[in-house]
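These notes concern the structure reproduced below.
Keep in mind that what you see is a predicted model, and the values were worked out from it rather than measured. Numbers restart at 1 for each chain; the letters A, B, ... are given by sequence-line order, proteins then strands.
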There are 2 protein chains.
Amino acid sequence: MTANKDKETGSERISEAEYAVMEALWQRSPQTAAEVCDTVCEERGWSMPTVKTLLSRLVAKGALATEPDGRRFLYTPLLERHTYVGGESKRLVQRLFGGRAAPLFAQLAENEALTEEDIAEIERLLREMKK
Amino acid sequence: MTANKDKETGSERISEAEYAVMEALWQRSPQTAAEVCDTVCEERGWSMPTVKTLLSRLVAKGALATEPDGRRFLYTPLLERHTYVGGESKRLVQRLFGGRAAPLFAQLAENEALTEEDIAEIERLLREMKK
DNA sequence: CTATTCAGACTACAGATGTAGTCATAACGC
DNA sequence: GCGTTATGACTACATCTGTAGTCTGAATAG
């Protein structure tokens with residue numbers, strides 16, 4: 001997985017369209033191209049060629065693995081959702097908040113992006129962190 | 001400023017290179033193109049034409065205003081840093097965390113991206129929010 | 001066995017982005 | 001007033017991203 005990790009932190013990033021495909025496969029994999037399209041094409045307004053392109057690019061980026069199944073491939077993520085999401089979060093914090101999380105939190109609080117459930121959850125996490 | 005706000009939330013986004021230019025002008029404005037270059041060119045490895053292009057694109061996007069000063073322009077942000085940063089934060093949360101902030105917080109906590117100062121600050125903010 | 005199908009491989013193109021070069025001219029300096 | 005200069009306007013090109021079309025042939029179906 002080390003090589004895969006390099007891909008994530010290197011210059012090849014997963015684009016937003018590619019992320020939508022990854023999300024579908026994180027939820028359920030392995031899947032064929034047609035199955036992925038069933039999952040995302042209606043909601044994204046894509047057609048099958050689009051999905052196939054994105055899958056192909058993700059394979060080239062090392063984010064997906066392929067397993068032949070008859071004449072088609074079964075696609076499986078090599079890049080974990082957790083890894084991707086963590087990288088993107090950290091990147092935003094570093095890029096816009098000087099690497100500090102508190103200003104981000106303040107920003108979200110100010111935008112009323114924090115629900116009561118969020119607050120309760122964060123408090124619980126803070127308590128755990130103090131142990 | 002309403003029109004400007006539309007620009008931010010519309011399809012025209014500020015790219016990363018453009019953001020670097022904005023950051024320089026948020027720190028100090030108005031500035032001329034040459035002054036902006038003095039600020040960012042060495043650190044980014046850019047030359048003057050690059051900065052000029054980015055400034056020009058930002059003006060076209062409505063993020064910067066120009067004021068003639070002799071044969072050159074003084075550039076001033078129309079898009080506030082606060083607005084931009086808030087939009088990007090919200091966008092990440094919506095895109096990767098289903099619109100919920102707590103999972104983002106948990107992610108940052110897990111990545112050891114939270115300093116003790118961050119935690120203290122967040123606790124303070126939580127207390128204020130409960131008033 | 002044959003006809004059909006479907007999915008990967010390959011291609012296309014527009015727009016966005018990153019980085020930079022060229023040129024004309026109004027402003028500047030002497 | 002004249003020569004110089006700096007800067008905006010315009011252009012260039014490579015890469016990335018978004019979206020999709022075409023084609024071939026191996027797998028599939030009958």
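Look at CD on A:E18: it is 6 Å from P on D:dG18, rounded to the nearest Å. In this structure, B:Q31 places its CD atom 13 Å from P of D:dG8, rounding to the nearest Å. A straight line from CG of A:L58 to P of D:dC16 spans 14 Å, rounded to a whole angstrom. As a whole-Å value, the separation of B:M48 CE from D:dT5 P is 16 Å. Nucleotide D:dA12 holds its P atom 14 Å from the CZ atom of B:R57, rounded to whole Å. Distance, B:L55 CG to D:dC10 P: 16 Å, rounded to whole Å.
Here A:L55 contributes atom CG and A:L25 contributes atom CG; the two are 6.5 Å apart, rounded to the nearest 0.5 Å. One finds the CG atom of A:L125 at 8.0 Å from the CE atom of A:M129 (value rounded to the nearest 0.5 Å). Distance check, rounded to the nearest 0.5 Å: CG of A:L58 to OG of A:S15 gives 7.0 Å. A distance of 8.5 Å separates OH of B:Y75 from OG1 of B:T32, quoted to the nearest 0.5 Å.
Contact annotation for B:Y75: backbone-only contact, meaning every heavy-atom pair under 4.0 Å involves sugar-phosphate atoms and none involves a base.
The pair A:E121-B:R100 does not count as a salt bridge, with every side-chain nitrogen at least 4.0 angstrom from each carboxylate oxygen.
In this structure, A:Q31 contributes its side chain and A:V36 its backbone to a donor-acceptor pair below 3.5 Å.
Every pair passing salt bridge (charged side-chain N to carboxylate O under 4.0 Å, His left out) that includes a residue from residues 21-35 of chain A is listed here, sequence neighbours excluded: A:E23-A:R81. Applying the salt bridge (charged side-chain N to carboxylate O under 4.0 Å, His left out) test to residues at least two apart or on different chains, none of the pairs has a partner in residues 101-111 of chain A. The stretch residues 42-52 of chain B participates, sequence neighbours left out, in no side chain to side chain donor-acceptor pair (under 3.5 Å) pair at all.
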Next item on the list: Would you give a per-nucleotide map of nucleotides 21-26 of chain D, 5' to 3', where B means the base has a protein non-hydrogen atom under 4.0 Å away, S means only the sugar-phosphate does, and - means neither?
Entry: B----B

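Near DNA chain D, meaning a heavy atom under 4.0 Å away, the residues from residues 33-46 of chain B are B:A33, B:A34.
Between B:Y84 and B:W26, the ring planes lie tilted relative to each other; the angle falls in the 30° to 60° range.
On the nucleic acid side, DNA chain C contacts chain B at distances under 4.0 Å to non-hydrogen atoms, with the end points of that region at C:dT17 to C:dC28.
Nearest heavy-atom pair, B:L79 versus B:M22, reported as atom, atom and distance to 0.1 Å: O-CE, 3.8 Å.
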